[in-house]
**Student:** 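Take this structure, written in structure tokens, and hold onto it; I'll ask about it next.
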Amino acid sequence: MKRLSWIISLPITLAAVVFAVANRKAVTFDLWPLDQTVTLPLFVAILGSLFLGLLVGGLIAWLSAGRAGLARRRAERRAAELEREIARLKREAGMAAGGAAGQALPPVTDEPGAGERPRLPSSGS
């Protein structure tokens with residue numbers, strides 16, 4: 001991973017240095033609502049704008065990831081709460097089944113009628 005970082009960052013840095021050397025002429029910026037002007041080398045204006053754009057984009061990505069992280073943490077808390085509720089209900093169901101004086105529940109199968117208790121013939125009329 002460290003090599004990949006060098007492979008990517010070295011050419012970008014070299015290109016930025018070559019760009020800065022080739023664009024040293026001064027340019028004047030008029031800051032319109034304010035009655036001021038700023039004179040900077042062209043490479044400072046362009047690389048500064050690029051850097052500012054990266055900062056703003058990174059800030060936006062960081063804030064949106066924060067919202068996603070908040071939603072993830074809420075979902076994890078809700079899942080843990082529901083798992084505790086399931087465990088509690090299973091314990092209660094186990095207590096209820098154990099307190100039924102040894103009556104076994106019918107087996108559960110996919111066959112229709114397989115888990116039903118036999119019916120006694122009706123006596124009567």
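Positions are given from 1 along the sequence. What you are looking at is a predicted structure, and each value in this text was computed from that prediction instead of being measured. Every heavy atom of this structure was used, including side-chain atoms; hydrogens, water molecules and symmetry mates were not.
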**Student:** Using distance only, find each side-chain donor-acceptor pair of residues 9-25 under 3.5 Å and give its atom names and separation, not counting sequence neighbours.
**Tutor:**
unit_1 : atom_1 : unit_2 : atom_2 : d
S9     : OG     : S5     : O      : 2.8
T13    : OG1    : S9     : O      : 2.8
N23    : ND2    : F19    : O      : 3.0
R24    : NE     : V21    : O      : 3.0

**Student:** Under 3.5 Å, which donor-acceptor pairs link side chains of residues 61-73 to any protein atom two or more places apart or in another chain?
**Tutor:**
unit_1 : atom_1 : unit_2 : atom_2 : d
S64    : OG     : I60    : O      : 3.3
S64    : OG     : A61    : O      : 3.0
R72    : NH1    : E76    : OE1    : 3.4
R72    : NH1    : E76    : OE2    : 3.1

**Student:** Residues in salt bridge (Lys or Arg N to Asp or Glu O under 4.0 Å) with E83, at least two apart?
**Tutor:** none
**Student:** When clusters are formed by joining ILVMFWY residues with side-chain heavy atoms under 4.5 Å apart, either directly or through shared neighbours, do M1 and I8 land in the same one?
**Tutor:** yes
**Student:** Identify each donor-acceptor pair in which a side-chain atom of residues 29-42 lies under 3.5 Å from a protein atom, sequence neighbours left out, and give them as a table.
**Tutor:**
none

**Student:** Under the 4.5 Å side-chain heavy-atom rule for ILVMFWY, direct or indirect, which residues accompany F51?
**Tutor:** L55
**Student:** Which residues pass the salt bridge (Lys or Arg N to Asp or Glu O under 4.0 Å) test with R78, not counting sequence neighbours?
**Tutor:** E81
